[in-house]
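Please read the structure below before turning to the comments.
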2 protein chains.
Amino acid sequence: MKKATLVDVAKEADVSAITVSRALRTPDMVSTALRQRVERAVAKTGYVPNKAASMLASSKTNSIVVLVPSLSNNVFDEVLRGIEEAARSANVTIQIGNTMYDPLREQQLLTSLLNPLPAGVILTGGEQNEASKRILQQAQTPVVQIMDLVKDPIHKVVGFSNYDGAVSALHHMLDAGYKRIGFIGAQMDPRAQDRLRGYRNALYDSGLQEPERTSVTNEKADVKLGGTLLTSLLTQHPDCDAVLCSNDDLALGVLFECQRRGLNVPRDVGICGFNDLGIVSEAVPRVTSVCTPRFEIGQCAVETVLDPHINTRAPVLDLGFKLHVRESTQP
Amino acid sequence: MKKATLVDVAKEADVSAITVSRALRTPDMVSTALRQRVERAVAKTGYVPNKAASMLASSKTNSIVVLVPSLSNNVFDEVLRGIEEAARSANVTIQIGNTMYDPLREQQLLTSLLNPLPAGVILTGGEQNEASKRILQQAQTPVVQIMDLVKDPIHKVVGFSNYDGAVSALHHMLDAGYKRIGFIGAQMDPRAQDRLRGYRNALYDSGLQEPERTSVTNEKADVKLGGTLLTSLLTQHPDCDAVLCSNDDLALGVLFECQRRGLNVPRDVGICGFNDLGIVSEAVPRVTSVCTPRFEIGQCAVETVLDPHINTRAPVLDLGFKLHVRESTQP
DNA sequence: AATACAAATGATAGGGCAATCATTTGCCAA
DNA sequence: TTGGCAAATGATTGCCCTATCATTTGTATT
């Protein structure tokens with residue numbers, strides 16, 4: 001038995017095909033009686049709309065393309081959860097692409113996923129290459145960039161200030177009494193660089209006139225690397241008494257390395273992470289971290305991208321952050 | 001300017017539309033000269049194939065649907081990495097769905113993602129509900145179930161034995177001298193249950209005739225829960241001298257809880273995790289874990305699902321596991 | 001040179017839906 | 001009642017590509 005089509009349903013309901021189409025897509029536009037008749041016919045025939053045909057005829061889809069730079073970075077789980085939840089209630093599907101922090105890969109994904117044209121695109125950050133930006137500008141679909149407060153957004157931005165987050169963390173660490181605070185960073189994308197800038201400027205503004213103590217690399221940030229970077233930081237700056245980490249994996253690695261070296265946290269070394277991934281609040285000692293609104297960013301990104309009044313809204317939505325102070329920075 | 005279609009390219013190259021189609025899809029079937037002419041015409045017109053039309057005409061897609069139960073569980077990152085890599089080299093796109101451990105959600109995702117029909121489906125485990133299984137059986141597309149060695153596979157299975165993994169871990173712990181080994185489990189899906197079974201049987205077979213010491217829940221497994229479960233385990237069985245955990249997050253939580261309680265690992269309590277997620281090998285002390293071939297499972301699942309000889313291959317592919325012994329179980 | 005056959009290319013006919021414009025129906029005001 | 005208008009429904013056409021079958025061209029064989 002072949003799959004039922006609109007025409008089959010139409011015959012069953014004794015109406016025209018286009019009416020069935022309307023009854024399903026825009027139920028408000030048909031009479032109640034007819035709607036019910038169509039529903040019955042759909043049930044009876046087991047009709048399932050053919051998306052390919054629908055796309056071809058309307059050159060539209062109800063799916064949102066979401067590009068993230070990593071799936072192993074737990075930061076994006078929460079973002080994706082927010083996106084999924086919002087997408088579900090808006091009745092759109094999502095299409096996830098993993099750019100692996102590679103602009104070229106991002107461009108390829110866009111080329112591939114923008115056909116057929118999605119209802120919207122959600123991207124991470126503003127580090128797209130020129131070709132990608134051109135593609136996005138020419139595509140007739142709304143674009144939301146998330147995480148960063150990107151300066152020259154394609155359309156809209158939903159995120160928070162990484163710079164302010166780092167500043168806030170540093171002020172707290174200074175208040176807690178640390179004097180020779182270092183910075184450890186990896187995977188130095190624009191967000192991590194903003195955090196580094198925040199560290200630098202807050203340090204400078206504090207009047208301590210300290211030399212900057214940093215250990216930074218472009219490798220993929222993970223727990224192991226945190227230990228490695230602490231080692232290199234302490235080699236260059238043995239007097240470090242605290243470390244601000246560009247993310248929580250690094251912070252955990254730093255904590256473990258301290259334990260290996262017999263350094264007491266928070267007494268000998270204070271540690272602050274970034275993102276507040278849940279695991280850091282369970283470590284011993286519990287680690288201070290800048291809590292970022294990842295779930296909300298996801299939700300809000302979907303709402304923004306689907307918003308019909310998208311053109312009349314502020315282009316940048318700052319969802320803020322919260323510093324969660326814990327034992328690791330309270331000597 | 002409208003987008004170029006096959007016909008435009010055909011005019012440009014002075015051939016028929018169908019020939020252009022062939023030149024692009026099956027270049028071996030046309031002459032070299034013509035292929036080059038078509039390529040030039042494509043470049044000149046900026047032609048991009050319309051996937052919706054292609055799908056409609058052929059009722060095929062070159063995308064693979066991948067359903068995982070969680071994106072926050074780091075187990076699936078690696079699997080997805082393997083899938084992505086293999087998919088890329090096979091030139092197919094992937095469509096990721098997150099079932100959130102909910103069979104109904106899985107069913108909804110299948111209903112939605114099986115239209116248009118994908119080139120294959122990759123699912124986690126065998127815990128689909130009856131409706132989902134029926135949908136998959138009727139869909140004319142290969143299905144590969146991963147992670148578990150599912151007993152009654154829909155088509156094919158790529159995974160490893162969770163049961164054997166647990167048995168192997170337990171044997172190691174017994175060999176290391178632990179006598180009163182407990183089990184901590186959460187998110188007790190069939191895989192976790194297999195691990196529990198492995199624990200039970202290995203314990204029984206060891207002849208120790210020990211009572212079983214378990215603390216198990218169906219909540220989402222995370223680091224925090226590890227601590228909670230250890231607390232409950234030690235309340236009921238204060239004599240526990242080691243813990244096998246159904247995954248690494250729990251193991252880490254157990255380690256942290258031990259630290260809070262002043263219990264020395266591995267002397268007072270031995271800890272073994274499951275999956276070997278990278279982070280456990282960095283903790284202090286480094287934690288023993290059953291290393292599972294997640295990347296390979298992903299790769300292999302794609303190869304299997306796309307394999308034209310799929311019907312003549314063994315239905316179950318066991319990729320094995322490796323116990324990585326570290327400090328946490330060497331008193 | 002004639003035949004046979006394979007390789008290369010073409011013509012036709014949908015695939016299932018939605019945009020657009022056209023028609024019918026129902027209802028109200030005058 | 002009739003004209004007018006909105007609401008509801010219908011007919012036609014096109015979206016762009018590929019499956020299928022048909023034709024042409026090229027090559028080898030006798």
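Everything numeric in this text was worked out from a predicted model, so none of it was measured. Throughout, protein chains are lettered first and strands after them, A, B, ... in sequence-line order, and every chain is numbered starting at 1.
With salt bridges taken as basic N to acidic carboxylate O contacts below 4.0 Å, one links E127(B) and R191(B). Salt-bridge annotation for R81(A) and E84(A): absent, with no side-chain N of the basic residue lying under 4.0 Å from a carboxylate O of the acidic one.
Nucleotide dA7(D) holds its P atom 15 Å from the CZ atom of R35(A), rounded to whole Å. With rounding to whole Å, M55(B) atom CE is found 15 Å from dC17(C) atom P. Rounded to whole Å, atom P of dG16(C) lies 12 Å from atom NZ of K11(A). Straight-line distance from the CG atom of L6(A) to the C1' atom of dG10(D): 14 Å, rounded to whole Å. Put simply, NZ on K51(B) is 19 Å from C1' on dG15(C), counting in whole angstrom units. At whole-Å resolution of the value, CG in L117(B) and P in dG16(C) are 14 Å apart. The separation between Y47(B) atom OH and dC16(D) atom P is 10 Å, rounded to whole Å.
In this structure, NZ in K156(B) is found 11.0 Å from SG in C300(B), a value given to the nearest 0.5 Å.
Mapping K60(A) and L34(B) onto DNA chain C via the closest heavy atom, the residue that lands nearer the 5' end is L34(B).
Shown for residues 13-31 of chain A: residues whose heavy atoms fall under 4.0 angstrom of DNA chain C, namely I18(A), S21(A), R25(A).
Side chains of T304(A) and D307(A): a donor-acceptor N/O pair is absent below 3.5 angstrom, by distance only.
Contacts of S72(B) classified as side chain to side chain donor-acceptor pair (under 3.5 Å), with partners at least two apart in sequence or in another chain: S70(B).
Among the atoms of the strands shown, base atoms are found under 4.0 Å from some heavy atom of L56(B).
Sparse packing is recorded around NZ of K60(A), with 12 or fewer heavy atoms of other residues, nucleotides or ligands lying under 6.0 Å away.
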